[in-house]
Structure formats: structure tokens, C-alpha cells
Amino acid sequence: MKRKPKIISSDATVPKKHHWAMGLLVSMEDPQYKVKEDDKVTVIKDKYPKAQYHYLVIPKADIPSLWHIKKENEDLLIHMHCVAEDLTRQHKESEFLYVSQVVTVILFYVVILFYFSIGYHAVPSMQRLHLHVISTDFNSPCLKTKYHWNSFTTPFFLHSADICNQLREKGELKKLKSEESAQHLNTALKCHKCPTTPKNMPDLKRHLLAHFTGRNNPFDP
DNA sequence: GTTCTAGAAC
DNA sequence: GTTCTAGAAC
């Protein structure tokens with residue numbers, strides 16, 4: 001049987017080497033963005049951080065996205081989660097040196113629960129699996145669109161702990177329907193900390209800044 | 001993923 | 001008139 005001729009370069013579905021979707025692979029090699037690495041993962045700063053702290057934990061293995069993850073990658077996802085938790089610990093532990101170890105551990109989980117989100121986008125734009133580690137101040141000039149906001153604060157954001165549990169319990173990850181993901185991104189704006197529903201992005205950003213500047217102790221909502 | 005900008009919304 | 005959103009980008 002005769003083969004169909006290969007489409008060579010003009011096929012837009014195959015990202016070229018310097019296509020924007022390949023940006024993470026470039027950043028992984030750039031000392032300006034690289035934070036740390038081990039034998040399995042590289043941690044970089046997000047080039048356009050959507051909060052005060054925004055890192056990406058990226059496997060060195062060529063895994064295109066979360067939807068290519070199989071049961072045998074479970075250890076990798078758990079490792080990525082541990083690396084992510086370590087990053088959040090680094091930010092706060094200096095402030096906790098004065099308290100006992102037990103209290104430090106408790107505060108660490110408070111920090112993770114209230115001040116950092118660790119997870120994956122349901123529909124990633126960039127090539128190569130990447131785990132977002134982002135502080136929930138969302139105080140950044142790069143946070144501009146409703147899409148940005150909803151990608152971190154709706155079920156479009158798949159929490160790493162949930163993903164790890166799902167893989168352990170079911171042996172596979174269930175992909176969100178694309179209409180469902182689109183719906184989450186188009187949801188009306190809502191504050192992640194209180195019932196406020198800002199009317200537009202500038203309104204949301206003013207509201208977030210009020211939370212951010214009014215936050216004088218770690219238990220203030 | 002971002003940038004740019006037309007035109008909608010105010 | 002100005003602010004804001006949303007769609008094209010070869």
C-alpha cells in the first residue's frame with residue numbers, strides 16, 4: 001500500500017524548535033530562570049509570574065503533559081509534589097525559626113494550605129509537563145486576564161495532591177472534557193479569599209491588593 | 001504562553 | 001472620550 005506523503009514544515013500542529021510553546025525547554029537551560037535541579041526535575045521561575053512567587057517544577061524526562069502520565073509515572077509525580085512543597089517551605093521557614101519544631105511543621109502546612117497552590121492546568125499551553133507552585137497573593141503585573149485568574153482559582157487548576165491520589169487509587173488520570181475546561185476559564189470573576197465578585201480585572205486587582213496589604217499576620221483571611 | 005489593537009462597554 | 005476585553009498572530 002502506498003504511503004501518504006509526509007507534511008513537512010508548514011504543519012502548524014508540530015511546534016518548531018523556537019515556537020513559543022517550547023519556551024519552558026529554553027528556560028530550563030537558562031541560569032536566569034533555573035532555581036534548582038536534581039536527577040529527575042528542574043525548577044524554574046515562571047517567566048511571567050502571576051504572583052509574588054511562581055515556580056514551575058519540570059521533569060527532565062520528555063513528558064509532553066499531564067495527559068501523557070501513566071501509572072508508572074506515579075513516583076515522578078509524587079517527587080514533583082515533594083519538590084514543590086520544599087520550595088514553599090524555603091520561603092517561610094526562616095520566619096519560623098523562633099518556634100518549636102512541632103509548631104514549625106504545623107505552620108508549614110498552614111503556609112501550604114493558605115499561601116501556596118501546587119497544581120497543574122487542565123489545558124496547558126506550553127510543551128512539557130510542568131507543576132505550578134504559586135503564592136496565593138496573586139500580586140503581579142503579569143496577572144492580566146480573566147483566563148489567567150480562572151486558570152489558578154477554578155477547577156481548571158488541578159491540585160497536585162488530588163492528581164497524585166487519583167493516580168494511586170484509579171491507576172490513571174481522568175481528563176476534563178474540553179467544554180468543561182473552557183467553562184471554568186470563562187467563569188465570572190470571584191475572589192479566592194472572600195465572597196467578593198469583582199466586575200472586571202482592574203477591579204479584581206484592586207481587591208487583591210487590599211487583601212495583600214491588609215495582611216499583617218498569617219491567620220488573617 | 002504574550003502582544004497588539006479593534007471595537008465593545010462604560 | 002476612556003477603559004477594558006477578546007481574538008489574530010504566517
Side-chain angles (χ1 to χ4, degrees), chain A residues 5-35 41-69 80 84 87 117-160 163 175-176 178-192 196-210:
Chain A
K6 269 188 184 174
I7 298 166
I8 300 174
S9 66
S10 59
D11 185 357
T13 61
V14 180
K16 299 187 184 84
K17 196 178 178 185
H18 295 294
H19 190 273
W20 57 262
M22 296 292 157
L24 296 184
L25 305 180
V26 178
S27 295
M28 281 172 81
E29 306 301 327
D30 188 339
Q32 190 187 341
Y33 296 111
K34 192 192 280 190
V35 173
V41 301
T42 301
V43 177
I44 63 169
K45 288 182 182 173
D46 193 295
K47 195 172 178 180
Y48 300 93
K50 305 302 185 293
Q52 214 174 21
Y53 303 107
H54 188 180
Y55 303 101
L56 302 174
V57 182
I58 308 172
K60 290 183 172 177
D62 186 16
I63 301 170
S65 83
L66 194 60
W67 311 118
H68 295 76
I69 288 292
M80 287 169 68
L87 283 164
S117 287
I118 300 173
Y120 302 89
H121 282 161
V123 183
S125 304
M126 306 297 277
Q127 192 63 220
R128 182 64 63 88
L129 178 66
H130 53 284
L131 176 60
H132 291 272
V133 183
I134 186 166
S135 57
T136 54
D137 51 86
F138 294 110
N139 177 28
S140 164
C142 298
L143 184 85
K144 294 175 178 175
T145 68
K146 184 162 84 173
Y147 170 92
H148 290 153
W149 179 249
N150 285 338
S151 74
F152 289 105
T153 61
T154 71
F156 186 91
F157 191 79
L158 306 169
H159 292 272
S160 173
I163 288 292
K175 193 172 181 176
L176 261 72
S178 64
E179 319 90 72
E180 209 175 332
S181 304
Q183 255 175 13
H184 290 314
L185 290 181
N186 282 315
T187 305
L189 297 174
K190 188 192 169 307
C191 179
H192 63 319
T196 300
T197 54
K199 65 178 188 297
N200 56 33
M201 281 305 291
D203 198 15
L204 169 67
K205 294 191 57 104
R206 280 187 290 271
H207 178 80
L208 290 174
L209 200 60

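Keep in mind that the numbers below use all heavy atoms, side chains included, and drop hydrogens, waters and symmetry copies. A note on names: the letters A, B, ... follow the listed sequences, proteins ahead of strands, and every chain is numbered from 1.
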Below 4.0 Å: OP1/OP2 of dT3(B) and any side-chain N or O of K144(A)
yes
Nearest whole Å is fine: how far is dT2(B) P from W20(A) CH2?
9 Å
Can you tell me if Y147(A) touches the phosphate of dG1(B), counting only side-chain N or O atoms and a distance under 4.0 Å to OP1 or OP2?
yes
What's the NE2-P distance between H18(A) and dC10(C), to the nearest Å?
19 Å
Tell me: CG of N200(A) to P of dT2(C), nearest whole Å?
18 Å
Look at the side-chain N and O atoms of K199(A) and state whether any lies under 4.0 Å from the OP1 or OP2 oxygen of dT5(C).
no
Interatomic distance, H132(A) NE2 vs dG1(B) C1' [rounded to whole Å]:
10 Å
Of the non-hydrogen atoms in A21(A) and S125(A), which two are nearest, and what is the gap between them?
CB-O, 3.9 Å
dT3(B) P sits how many Å from L143(A) CG, rounded?
13 Å
Are F152(A) and H121(A) close enough that some pair of their side-chain heavy atoms sits under 4.5 Å apart?
yes
Hey, is NZ on K205(A) packed in by over 12 heavy atoms from elsewhere, all under 6.0 Å?
yes
Does some side-chain heavy atom of Y53(A) sit less than 4.5 Å from a side-chain heavy atom of V133(A)?
no
Side-chain N or O of H148(A) closer than 4.0 Å to phosphate OP1/OP2 of dG1(B)
no
Minimum heavy-atom separation for M201(A) and T145(A), please, with both atom names.
CE-O, 3.6 Å
Nearest-Å distance, CD1 (I134(A)) to P (dG1(B))?
11 Å
Protein-nucleotide distance (M201(A), atom CE; dT3(C), atom C1'), rounded to Å:
14 Å
How is the base pairing of DNA chain B summarised as a dot-bracket string, given the Watson-Crick and G-U wobble criteria with both distances under 3.5 Å, [ ] for crossing and | for another strand?
.|||||||||
What is the distance from CH2 of W149(A) to P of dA6(C), rounded to the nearest Å?
17 Å
Take atom NZ of K175(A) as the centre, draw a 6.0 Å sphere, and report whether it contains more than 12 heavy atoms from other residues, nucleotides or ligands.
no
Can you tell if the side chain of N150(A) reaches within under 4.5 Å of the side chain of H184(A), non-hydrogen atoms only?
no
